[in-house]
Structures are given as structure tokens and as C-alpha cells.
Amino acid sequence: MSESQLWDDVDEYFSAHLSPDDDVLQAALRDSEAAGLPMISVTAPQGKLLQLLAEIQGARNILEIGTLAGYSTIWLARALPVDGRLISLEYDPKHAEVATRNIARAGLDKIVEVRVGAALDALPKLADENPAPFDLVFIDADKANNPHYIEWALRLTRTGSLIVVDNVVRGGRVADAGSTAPDIQGSRAAIELIGSHPRLTGTAVQTVGGKGYDGFALARVL
């Protein structure tokens, strides 16, 4: 058995017992594939982790940067109270359309808003609205802009808020200091920002599974 097959098998075992997809989540993935969206959503165990983190935070307000088909959005929104709010930013109108349908089918459209456009354009507009601080920010968009997204997350959160940055390991390439690839430079800059910023304390966790070898960063706002 190959190493990657073993990772997949373990992921499937964990999913079956700890984070089984229900009909709504399965339909979201099917619709994503049918629409030709890239199959890069978080795995079911990762989605359940996001939900648990939001519940541990007691989150009432969540910001997501990068919606795709809304799979992670659904996991996160299920952690919110009935009067909670989740704003998700999505660059691609086609992705946002699929996500909006998936979120409505999940019965979460009253607490979830998908905003279409480049996140670095949407975030200043969001800040101008002077929203209540977000308790959790999930960053899963273009990796080159990760440090910029973290800076905006700091402006839109409070002491004790949690920032989660997905896909920071990049198959191990994050350790390559000489890489000129934008995703690697952005990932390295994000890690180094978390490590040096006076208002952040954080760590990174390497993962294997259905999405191969990757990982995420966690940062708490001080």
C-alpha cells in the first residue's frame, strides 16, 4: 500500500466515525464537481475541526476569506447561534453562485452572506461598515495574499479571536527559503508575520489525508 493510499484510508475511517458527511454536505460536493469547480474543499475531518474551533470560541461572528462551493462555510455556520453571522468573501462569481445555492439548501442563508469580488477590495469596505468584531477568521484563498489577509483579520477581530490559515505547508515547499513561487512566498510571509507580530501568538500543524500533505496555521489575537 502506498503512503498516500494509507493517508486516504485513515481519513475515510476518521470521517466515517467522527465527521460523516450528511446529505447536505454530500450534495454541496456533488454540485461543486458538476459545476466544474476545483475539488480543493477542506476534507470532512477538517470541516469538523473548523466547526469545533468555532464552537470552542463561542463564535457569534465569523469571517471566511475564500468560499469556493460553500462546503467549509456550512461546517462553520453550523457552529453559530440562530442570531449569528458569517460573511464569506469569494472572488469568482461562478463559485459564489454555487456556494449560495449550497448554503440555502443547508438552511443557513439567513445567517450567511456571500460577497463577490476580490477580498482585498471587499475587506476595506467591510471595515468601513464598522462590524462587530469577528470571533473567528478562516483564510483559505489565494496564498500569495495570506499576509495581507492576516493584517485585515487583525483589524476586524478582538483580543481572544482566532485566525485559521489553511494550506500553509504546500506539500513541504514552505520550507524552501529560495522559492520564488507566489504561494510559497505568501505562506512563508504569513507564518513569519504570525511569529513576529506583537498581537499574535500561534502555531502551525502539518496534516496528511485526502488532500495530501499540507497543514494549517492557528493564531490567537492578543
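These numbers come from the heavy atoms of this one structure, side chains and all, not from hydrogens, waters or symmetry mates.
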Taking side chain as C-beta onward, heavy atoms only, is Val174 less than 4.5 Å from Ser187? yes
Which value, rounded to the nearest 0.5 Å, describes the distance between Leu86 atom CG and Phe134 atom CZ? 8.5 Å
Given the rule in the side-chain contact (heavy atoms from CB on, under 4.5 Å) test, do Ile163 and Ser161 qualify, once you have shown the distances and angles that lead to the verdict? CA-CA 7 Å; Ile163 302 170; Ser161 292; 5.8 Å; no
Is Val168 close to Arg188 at the side-chain level, that is, under 4.5 Å between some pair of heavy atoms? no
Please check if Val24 and Val114 belong to a single hydrophobic cluster, counting links between Ile, Leu, Val, Met, Phe, Trp and Tyr side chain heavy atoms closer than 4.5 Å. yes
Go through Glu151 and Arg155 one step at a time and tell me if the salt bridge (Lys or Arg N to Asp or Glu O under 4.0 Å) criterion holds. CA-CA 7 Å; Glu151 291 281 11; Arg155 292 184 58 176; over 6 Å; no
Short side-chain to backbone donor-acceptor contact, Lys110 and Ala104, under 3.5 Å: no
Please determine if Asp183 and Arg170 form a salt bridge, counting it only when a charged side-chain N lies under 4.0 Å from a carboxylate O. yes
Which heavy atom of Ala181 sits nearest a heavy atom of Arg173, and at what distance? CB-NH1, 4.3 Å
State, with a plain yes or no, whether a side-chain heavy atom of Leu63 is found less than 4.5 Å away from one of Leu126. yes
Quick one, Leu120 and His148 - any side-chain contact, counting heavy atoms below 4.5 Å? yes
What's the shortest heavy-atom distance between Met39 and Ser32, and which atoms? SD-OG, 4.1 Å
If you take all heavy atoms of Ile111 and Pro81, which pair is closest and at what distance? CD1-O, 4.4 Å
Between Leu156 and the options Asn130, Ile87, Asn61, Leu123, the side chain to side chain contact (heavy atoms under 4.5 Å, CB included) test singles out Leu123
Donor-acceptor contact present, side-chain Asp214 to main-chain Val169, <3.5 Å: yes
Do Glu64 and Ser72 pass the side-chain hydrogen bond (donor to acceptor under 3.5 Å, both in side chains) test, and can you show the C-alpha distance, the side-chain angles, and the key distance before you say yes or no? CA-CA 9 Å; Glu64 179 181 50; Ser72 58; 2.6 Å; yes
Start with the C-alpha gap between Leu68 and Ile40, add the side-chain angles, then the distance that decides, and say whether side-chain contact (heavy atoms from CB on, under 4.5 Å) holds. CA-CA 8 Å; Leu68 195 60; Ile40 55 174; 3.6 Å; yes
Ile191 side, atom CD1; Asn146 side, atom CG - distance, nearest 0.5 Å: 9.0 Å
Listed partners of Glu12 passing salt bridge (charged side-chain N to carboxylate O under 4.0 Å, His left out), at least two apart: none
Neighbour count above 12 (heavy atom, 6.0 Å) for Asp22 CG: yes
Between Ile194 and Gly202, what is the shortest heavy-atom contact and its length? CG2-CA, 3.9 Å
So, do Trp7 and Ser2 sit near enough that their side-chain heavy atoms are less than 4.5 Å apart? no
Can you tell whether the side chains of Lys211 and Asp11 come within less than 4.0 Å, N to carboxylate O? no
Look only at the side chain of Gln51 and the backbone of Leu76, and say whether a donor-acceptor pair between them is shorter than 3.5 Å. no
Do you know the tightest heavy-atom contact between Ala119 and Tyr149? CB-CE2, 3.7 Å
Should the pair Asp83-Arg60 be classified as a salt bridge under the 4.0 Å nitrogen-to-oxygen rule? yes
Got a salt bridge between Lys125 and Glu129, using NZ or NE/NH1/NH2 to carboxylate O under 4.0 Å? no
Asp135 side chain near Ile62 side chain, heavy-atom distance below 4.5 Å: no
Any sub-3.5 Å donor-acceptor pair from Glu90's side-chain atoms to Ile65's backbone N or O? no
Is it true that a side-chain atom of Lys143 and a backbone atom of Ala141 form a donor plus acceptor pair closer than 3.5 Å? yes
Nearest 0.5 angstrom please: Ile74 CD1 to Leu29 CG, how far? 8.5 Å
Is the number of heavy atoms from other residues, nucleotides or ligands under 6.0 Å of Arg158 CZ greater than 12? yes
Mind checking whether Phe138 and Ser88 have side chains closer than 4.5 Å, heavy atoms only? no
More than 12 heavy atoms from other groups under 6.0 Å of CD on Glu113: yes
Could you check whether any side-chain heavy atom of Lys48 comes within less than 4.5 Å of a side-chain heavy atom of Pro20, counting everything from C-beta outward? no
Those residues that, when tested against Glu55, pass salt bridge (charged side-chain N to carboxylate O under 4.0 Å, His left out) (two or more places apart): none
What is the distance from atom CG of Leu52 to atom CG of Leu18, rounded to the nearest 0.5 Å? 9.5 Å
Evaluate the criterion side-chain contact (heavy atoms from CB on, under 4.5 Å) for residue pair Val164 and Leu53; output intermediate values, then yes/no. CA-CA 9 Å; Val164 183; Leu53 289 173; 4.2 Å; yes
Shortest non-hydrogen contact between Pro147 and Ala189, atoms and distance: CG-CB, 3.8 Å
Set of residues satisfying ring-ring contact (aromatic ring centres under 6.0 Å, His included) with respect to Tyr13, sequence neighbours excluded: His17
Polar side-chain atom of Asp142 near backbone of Ala144 as donor-acceptor pair, under 3.5 Å: no
After noting the C-alpha distance and the side-chain angles of Thr100 and Thr67, does the key distance pass the side-chain contact (heavy atoms from CB on, under 4.5 Å) rule? CA-CA 10 Å; Thr100 299; Thr67 317; over 6 Å; no
Just how far is it from atom CZ of Arg30 to atom CG of Asn102, taken to the nearest 0.5 Å? 10.0 Å
Heavy-atom donor-acceptor pair, Gln46 side chain to Thr43 backbone, under 3.5 Å: yes
So, taking the atom named CG in Asp9 and the one named OG in Ser4, what distance separates them when rounded to the nearest 0.5 Å? 9.5 Å
